[in-house]
Amino acid sequence: MNAPLNRAAIVEAATLWLGTPYHHQASLRGVGCDCLGLVRGVWRDLCGDEPEIPPPYSPSWAESLGMETLAAAALRHLVPVAPGREQPGDVLLFRWRAHLPAKHCAILSAPDRIIHAHDGAQVAEVAFSLWWRRHQSHAFSFPGVTD
């Protein structure tokens with residue numbers, strides 16, 4: 001890591017990605033990214049080299065694998081946060097249906113806002129609405145967060 005991380009720095013780094021077009025498997029600020037690419041890019045901006053590069057994945061990877069691949073990768077590199085204890089700067093994972101693995105991620109930017117990338121849109125900051133809260137499956141902090 002370049003320096004101790006604080007939550008404001010994580011949120012600030014994520015906001016620099018706002019407006020980046022969606023591009024499946026990409027992670028280049030201003031050019032294109034998907035939801036994982038956003039988190040990977042914020043990691044690079046704040047922590048340096050990525051700890052692992054994800055293998056190629058299809059848009060339906062979670063449904064076809066049926067495993068908690070995204071959550072397992074997060075557990076290898078991020079710090080789990082207890083449900084309801086999320087804070088700005090934390091990475092949130094979501095599942096579209098209760099029986100499916102988590103396949104979407106976002107960064108909590110405020111208690112009531114998330115920053116994420118999704119197909120057909122740009123990286124955006126949106127309300128952390130009841131819909132998102134119902135679909136949240138996991139929360140993690142970046143390692144070394146000081147506040």
Side-chain angles (χ1 to χ4, degrees), residues 1-20 22-29 33-55 57 59-119 121-147:
M1 261 183 236
N2 299 335
L5 285 178
N6 65 55
R7 295 178 179 286
I10 297 166
V11 171
E12 181 179 335
T15 63
L16 295 175
W17 288 74
L18 293 173
T20 297
Y22 180 87
H23 188 80
H24 179 65
Q25 294 188 40
S27 182
L28 189 58
R29 185 173 59 220
C33 71
D34 60 10
C35 64
L36 179 58
L38 168 66
V39 173
R40 292 173 50 216
V42 170
W43 177 286
R44 288 191 311 271
D45 291 345
L46 297 173
C47 304
D49 292 337
E50 296 176 55
E52 72 179 84
I53 302 299
Y57 51 94
S60 61
W61 64 269
E63 295 86 350
S64 61
L65 293 176
M67 299 171 16
E68 289 286 358
T69 307
L70 185 60
L75 278 169
R76 288 193 295 273
H77 307 294
L78 302 173
V79 179
V81 173
R85 304 292 240 162
E86 307 85 359
Q87 296 181 62
D90 286 344
V91 175
L92 308 180
L93 304 187
F94 303 91
R95 60 179 90 246
W96 299 140
R97 304 255 188 281
H99 67 283
L100 295 175
K103 74 175 280 183
H104 188 68
C105 51
I107 295 176
L108 189 65
S109 54
D112 62 346
R113 311 282 297 165
I114 59 172
I115 295 174
H116 73 124
H118 64 93
D119 193 9
Q122 302 174 341
V123 174
E125 185 174 34
V126 300
F128 187 28
S129 65
L130 182 58
W131 188 92
W132 284 109
R133 291 174 193 276
R134 280 195 321 261
H135 289 84
Q136 182 184 340
S137 60
H138 302 79
F140 300 90
S141 286
F142 280 85
V145 172
T146 59
D147 60 349

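What's counted below: heavy atoms across the whole structure, side chains too, no hydrogens, waters or symmetry copies.
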SG/Cys33 to OH/Tyr22 distance, rounded to the nearest 0.5 angstrom? 9.0 Å
Between atom CD1 of Ile10 and atom CG of Asp90, what is the distance when rounded to the nearest 0.5 Å? 7.5 Å
Shortest non-hydrogen contact between Pro101 and Glu68, atoms and distance: CA-OE2, 3.5 Å
Go through the steps for Lys103 and Thr69 under the test side-chain contact (heavy atoms from CB on, under 4.5 Å), then give the verdict. CA-CA 8 Å; Lys103 74 175 280 183; Thr69 307; over 6 Å; no
Verify side-chain contact (heavy atoms from CB on, under 4.5 Å) between Trp132 and His116, making sure each step is shown before the conclusion. CA-CA 11 Å; Trp132 284 109; His116 73 124; 3.5 Å; yes
Quick one: do Asn6 and Thr146 satisfy side chain to side chain donor-acceptor pair (under 3.5 Å)? Show the steps, please. CA-CA 5 Å; Asn6 65 55; Thr146 59; 5.3 Å; no
Kindly give the heavy-atom pair with the smallest separation between Phe142 and Leu78, and that separation in Å. CA-CD2, 3.9 Å
Contacts of Ala139 that satisfy side chain to side chain contact (heavy atoms under 4.5 Å, CB included) - sequence neighbours left out: Val81, Glu86, Leu92, Gln136
Using 0.5 Å steps for rounding, measure from the CG atom of Leu93 to the NE2 atom of His135. 14.0 Å
Quick one: sort the Trp131 and Trp96 rings into parallel, tilted or perpendicular, breaks at 30° and 60°. tilted
Ile115 and side chain to side chain contact (heavy atoms under 4.5 Å, CB included): which partner among Val126, Leu108, Val39, Leu18? Leu18
Quick check on Asp112: does its CG atom have over 12 non-hydrogen neighbours (other residues, nucleotides or ligands) under 6.0 Å away? yes
Which atom pair, heavy atoms only, marks the closest approach of Arg40 to Pro54? NE-CD, 3.7 Å
Could you pull out all residues at least two apart from His23 that satisfy ring pair (Phe, Tyr, Trp, His ring centres under 6.0 Å)? none
Could you name each residue pair satisfying side chain to side chain donor-acceptor pair (under 3.5 Å) that touches residues 8-17, not counting sequence neighbours? Trp17-Asp45
Test your reading of the model: is there a side-chain donor-acceptor pair from His24 to the backbone of Tyr57, 3.5 Å cut-off? yes
With sequence neighbours excluded, residues passing side chain to side chain contact (heavy atoms under 4.5 Å, CB included) with Cys35: His104, Cys105
Residues which pass ring pair (Phe, Tyr, Trp, His ring centres under 6.0 Å) with His77, listed by chain and number, not counting sequence neighbours: none
Taking Arg44's backbone N and O only, do any of them form a donor-acceptor pair with Glu50's side chain (distance below 3.5 Å, no angle check)? no
Would you say Arg85 has more than 12 foreign heavy atoms packed within less than 6.0 Å of its CZ? no
Does the side-chain contact (heavy atoms from CB on, under 4.5 Å) test come out yes or no for Phe140 and Val79, once each step is laid out? CA-CA 5 Å; Phe140 300 90; Val79 179; 6.0 Å; no
Start with the C-alpha gap between Leu5 and Ser141, add the side-chain angles, then the distance that decides, and say whether side-chain contact (heavy atoms from CB on, under 4.5 Å) holds. CA-CA 10 Å; Leu5 285 178; Ser141 286; over 6 Å; no
Which pairs with one or both residues in residues 121-147 pass salt bridge (Lys or Arg N to Asp or Glu O under 4.0 Å), sequence neighbours excluded? none
Separation of Leu38 CG from Ile107 CD1 (nearest 0.5 Å): 4.5 Å
Distance-minimising heavy-atom pair for Gly41 and Ser27: N-OG, 3.5 Å
